[in-house]
Amino acid sequence: MSWWLLHVDMDQFIAAVEIRRRPELRGLPVVVGGSGDPTQPRQVVATASYEARAFGVRSGMPVRAAYKKCPQAVFLPSDPATYEAASTEVMDTLRSFPVVVEVWGWDECFVGAETDDPEALAAELRAAVEARTALTCSVGIGDNKTRAKLATGFAKHKRSHAEPFEPAEPSETTGPSEAAGPTTRTADSAGGTAAGIYRLTAANWRQVMDHRPVRDLWGVGSRMEHNLNELGISTVADLAAADVDLLKKRFGPKMGAWYAALGRGLGDTQVTDVPREPVSRSREETFPEDLTDPTTIAAELRRIAIQVTNDVVAEGRTIQRIWVKVRFTTFYTPIKSRKLPSPTQDPETIATTAHSLLEKFDLHRPIRLLGVRLEFLPPTPDEPITI
DNA sequence: TCTGGGGTCCTCGCACCA
DNA sequence: TCTGTGGTGCGAGGACCC
């Protein structure tokens, strides 16, 4: 038996949950995000069904732009409570297996398992999730989290060619099926195993990833791609071959080493079912109309500060630090922060501190967003129980 | 085209202190 | 007394993720 990491990623999760409760939407382009009114400005798409994606609608796109691309789509408001409940159903289904489940958001998780046949386990997980929740998922199999996560991108490609992340074409002579290790089962023409499942390990990493742009790596965004390109590093193979000292010098000792490892497909192999303690909570609001009046700006900030403080206190947390974020119409978004003289749960203290931070900004320009983030005092260890 | 909201982690510059 | 050095905490900002 070997230790395997499986990355389970729900297919178009939010759209799928909406379609599940309104089956008449099946097969239609569905766009979820904002208030559900596609004529309203300053709202973005949270998710789009595969049918909507075929029209060029993407997550993060302004809802109004999505409306222009696909006016016939069904536009729905976001309903976080329902997605949270659906996510719990999925995670509970996975936990019913003898595996370790590490949740990474509503629609994805890592599963750690001892098995000799990870493809069979992946197929069982997918079947159980679909049977119990009527939602489908894709599964990436890897020997670490980096590879499992990337493998899911290849697994998804088999389910929808609207996905931007395309798997490598198998070589004429040695497809990934041959390179993927001795326990690989029959591979299909795309180089993985069954539809919705893909395996990426040390054995096929180079063949599958070497020629791809660094942007395809999990953790390399557009900025870092640009920075790497400046060093003459454009492909995963370039990154794997790069001088580690150069990367450390350019990106710092920690990140430099991390990028070097990423190019080789190295990553974490630990999976934990202990939920992570949040370290901060924030609330931010983009206003439909820009704010220019200082009194209004102060009042809105105070409202947000008290709101987020109440949320935090309701969870029994104590605040040790506060950030205030201001986004101007130019999209310039400075942030000011202050450590509190002593930890507090008092909304008035937070509101007053937020206001004093606000005075550090140049408020002579129109403001489109205000935000408040509160950092928690680390939780104290459990008190010893005395009987 | 016109860019949400909620998070985490890392780096860097600066002040302060020994 | 002046200068250099290194550790630490803080504030700001960058980058990434879903």
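Letters go in sequence order (proteins before strands), and every chain restarts at 1.
- The side chain of Arg283(A) approaches dG6(B) more closely than any other nucleotide in the set dG6(B), dC2(B), dT8(B).
- At distances below 3.5 Å, at least one donor-acceptor pair connects side-chain atoms of Glu102(A) with backbone N or O atoms of Thr272(A).
- Note: Phe75(A) and Tyr67(A) have perpendicular aromatic rings, judged against thresholds of 30 and 60 degrees for the angle between ring planes.
- Phosphate proximity of dT8(B) to Ser280(A): present, with a side-chain N or O under 4.0 Å from OP1 or OP2.
- With hydrogens and angles left out, the side chain of Arg373(A) and the base of dG7(B) share a donor-acceptor pair within 3.5 Å.
- Among the nucleotides dC18(C), dG5(B), dT3(B), the one closest to the side chain of Lys149(A) is dC18(C).
- In terms of position along DNA chain B, the nucleotide closest to Phe331(A) lies nearer the 5' end than the nucleotide closest to the other residue of the pair Met255(A) and Phe331(A).
- Comparing the same atom, P, in dC17(C) and in dT3(B) gives a spacing of 23 Å after rounding to whole Å.
- When the nucleotides dA12(C), dT3(B), dC18(C) are ranked by their closest atom to the side chain of Ser337(A), dA12(C) comes out on top.
- OP1 or OP2 of dA15(C) has not a single side-chain nitrogen or oxygen of Ser222(A) nearer than 4.0 Å.
- Dashed line: the shortest gap from a side-chain N or O of Arg223(A) to OP1 or OP2 of dA15(C) is under 4.0 Å.
- Using cut-offs of 30° and 60° on the angle between ring planes, the pair Phe13(A) and Tyr83(A) is perpendicular.
- Contacts of Arg327(A) with the nucleic acid, taken as non-hydrogen atoms under 4.0 Å apart, involve only primed sugar atoms and P, OP1 or OP2.
- Listed nucleotides dG13(C), dG4(B), dC18(C) differ in distance to Pro334(A); the shortest reach to its side chain belongs to dG13(C).
- Across all strands, Gly105(A) comes closer than 4.0 Å to no nucleic acid atom at all (heavy-atom distances).
- Screening Val101(A), Val129(A), Thr88(A), Leu125(A) for a side-chain contact (heavy atoms from CB on, under 4.5 Å) with Thr93(A), the sole residue that qualifies is Val129(A).
- Regarding contacts with the backbone of dA12(C), a side-chain N or O of Lys360(A) is found under 4.0 angstrom from either OP1 or OP2.
- Across dA12(C), dG7(B), dA15(C), the shortest atom-to-atom separation from the side chain of Ser282(A) is found for dG7(B).
- The side chain of Arg215(A) lies closest to dC17(C), out of dC17(C), dG4(B), dC2(B).
- Between Asp37(A) and Arg64(A) no salt bridge is recorded (no basic side-chain N to carboxylate O distance below 4.0 Å).
- A close approach under 4.0 Å does occur between a side-chain nitrogen or oxygen of Arg368(A) and OP1 or OP2 of dG4(B).
- The 5' end of DNA chain B is approached more closely, in terms of each residue's nearest nucleotide, by Val44(A) than by the other of Val44(A) and Val279(A).
- OP1 and OP2 of dC18(C) both lie 4.0 Å or more from every side-chain N or O belonging to Arg58(A).
- Checking the phosphate oxygens (OP1, OP2) of dG11(C), a side-chain nitrogen or oxygen of Arg321(A) falls inside 4.0 Å.
- Here Pro41(A) lies out of heavy-atom contact (under 4.0 Å) with every strand.
- Distances were taken from every side-chain heavy atom of Arg338(A) (C-beta onward) to each of dG11(C), dT3(B), dT11(B); the shortest belongs to dG11(C).
- No hydrogens or angles considered: a donor-acceptor pair under 3.5 Å links the side chains of Thr136(A) and Asp11(A).
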